[in-house]
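Sequence lines set the chain letters: A, B, ... in the order given, protein chains first and strands last, and positions in each chain run from 1. Note that the structure is a prediction, hence the values are computed from the model and not measured.
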Protein chains: 2
Amino acid sequence: MTQMSKRTRPITPPTPKAEHRKAARPATPKHAAACCRPIDSLLNPELFRALCDPTRSSLVACIAKCGRGCSVSEVAECCSVDLSVVSRHLSQLADAGVLHSRKEGRTVFYAVRYSDLTKMLRDLADSIDECCPDGRAEGGCCVPR
Amino acid sequence: MTQMSKRTRPITPPTPKAEHRKAARPATPKHAAACCRPIDSLLNPELFRALCDPTRSSLVACIAKCGRGCSVSEVAECCSVDLSVVSRHLSQLADAGVLHSRKEGRTVFYAVRYSDLTKMLRDLADSIDECCPDGRAEGGCCVPR
DNA sequence: CCAATACTTGCACGATGACGCAAATGAGCA
DNA sequence: TGCTCATTTGCGTCATCGTGCAAGTATTGG
């Protein structure tokens, strides 16, 4: 247990869920100074975390292609996992900002947050571009040695 | 690299790696017919899987901001995990197409695949847009009930 | 009020992931 | 050849994740 010495592992007790995911993010590394900061916030693991599971991503694709809000049980037909699993995945995706949920009577409709999602992706792409467009970067912010 | 093929599990022999990740992907769901297919391939969990870990994403941010190729030990200074862990993360990111590696003598330089990465992100954003631009989608491909 | 419908939540289990340490491999250099 | 530096790999450990089943909650209809 002492294996992971100091960082991210308060020995045992509280286990605040996905703890190590929160911690390991050294604000400003030695190299790579203050330039191009937007990438730090845009390269948010939470979004990717939501989309990294194939079941979840297929659910997103299903709803996206659907174009309208889909109920949980409707979406569940898209894949072979239990309805409860789908329910959990959808709420997870909603938490991550990928989906939007709307309750109507006893059914819950999930829809893709098209513009938010595409904005996140494009902003990230932009921030990556900004970091180092072709020519630039030589003698950039990161000390060579 | 197949670094973690069947490793770390002496107990259960066959363990076909990340099995469930491969499987759960019902080609064509009942709803959401053949329209807007690109999203299926672009919403690739593998890319997100690579970026979903905060340590990994901070490594990517570090290298991105760096602008040039960074050696493993250099990058390791950006975060507080063991060098071996960084090495594994970097090769994982390279496998996912996020980074590019180049060996020079005994050092390995990793650099962000700027254009590939931004292309993937923008294409995905485009495919999401295509799926359902504002007005469209009513009475789309997914049967309402 | 009761039953049915549509989800959500609790729980247990097996698989996977991230990690550190130590040993191994590879590549220059004296 | 032997040594050192840079990185990778083997292995054990612990936490987290995805999943199914069963029970619980909310909402609508009779």
### Message
For the backbone of Glu130(A) and the side chain of Tyr114(B), can you confirm whether one donor and one acceptor N or O come within less than 3.5 Å of each other?
### Response
no
### Query
To the nearest Å, how far apart are Glu77(B) CD and dT7(D) P?
11 Å
### Message
For DNA chain D, which residues of residues 98-108 of chain B approach it to below 4.0 angstrom with any heavy atom?
### Response
Arg106(B), Thr107(B), Val108(B)
### Query
Leu90(A) has an atom CG; how far is it from atom P of dT19(D), in whole Å?
12 Å
### Between P of dA18(C) and CZ of Phe48(A), the distance in whole Å
15 Å
Enumerate the protein-to-nucleotides 10-12 of chain C contacts in which both atoms are nitrogen or oxygen and the separation is below 3.5 Å.
unit_1: dG10(C); atom_1: O6; unit_2: Arg88(A); atom_2: NH1; d: 3.4
unit_1: dG10(C); atom_1: O6; unit_2: Arg88(A); atom_2: NH2; d: 3.0

### Task
Rounded to the nearest angstrom, tell me the gap between atom CG in Leu51(B) and atom P in dA18(C).
12 Å
### Query
Under the side chain to side chain contact (heavy atoms under 4.5 Å, CB included) test, which residues partner Asp116(B), sequence neighbours left out?
Arg113(B)
### Task
Taking all heavy atoms of Leu59(A) and all of Cys79(A), pick out the closest pair and write down the distance.
CD2-SG, 3.7 Å
### Query
Starting at CD of Glu74(B) and ending at C1' of dA6(D), how long is that distance when rounded to a whole Å?
12 Å
Enumerate, atom names and distances included, each donor-acceptor pair closer than 3.5 Å involving a side-chain atom of residues 100-111 of chain A, sequence neighbours excluded.
unit_1: Arg102(A); atom_1: NH1; unit_2: Glu104(A); atom_2: OE1; d: 2.4
unit_1: Thr107(A); atom_1: OG1; unit_2: Glu104(A); atom_2: O; d: 3.0

#### Entry: Gap between atoms CG and C1', on Asp53(A) and dG17(C) respectively (whole Å)
13 Å
### Message
Tell me the interatomic distance from Arg56(A), atom CZ, to dT19(D), atom P, rounded to whole angstroms.
### Response
8 Å
### Query
Is any side-chain heavy atom of Leu43(B) closer than 4.5 Å to a side-chain heavy atom of Phe48(B)?
yes
### Query
Base, sugar-phosphate alone, or nothing: which one does Val85(A) contact when heavy atoms must sit under 4.0 Å apart?
base
#### Entry: Pairwise side-chain contact, Arg122(A) with Leu42(A), heavy-atom cut-off 4.5 Å (strictly under)
no
### Query
Reckon Ser71(B) touches a base, only the sugar-phosphate, or nothing at all at heavy-atom distances under 4.0 Å?
sugar-phosphate
Would you tabulate the side-chain donor-acceptor contacts of residues 85-98 of chain A under 3.5 Å, counting partners in other chains and residues two or more places apart, or write 'none'?
unit_1: His89(A); atom_1: ND1; unit_2: Arg56(A); atom_2: NH1; d: 3.2
unit_1: Ser91(A); atom_1: OG; unit_2: Arg88(A); atom_2: O; d: 3.3
unit_1: Gln92(A); atom_1: OE1; unit_2: Arg56(A); atom_2: NH1; d: 3.4

### Query
With side chains defined as the heavy atoms from C-beta onward, is the minimum distance between Leu51(A) and Leu47(B) less than 4.5 Å?
no
### Task
Check whether any side-chain N or O of Gln92(A) sits under 4.0 Å from OP1 or OP2 of dC17(D), and answer yes or no.
no
### Partners meeting side-chain hydrogen bond (donor to acceptor under 3.5 Å, both in side chains) with Ser84(A) (sequence neighbours left out)
Asp82(A)
### Query
Hey, does Tyr110(A) reach any base, or is it just sugar-phosphate, or nothing, if we go heavy atoms under 4.0 Å?
sugar-phosphate
### OP1 or OP2 of dT19(D) under 4.0 Å from side-chain N/O of His89(A)
yes
### Rounded distance in Å - CG (Asp82(B)) to C1' (dT13(D))
15 Å
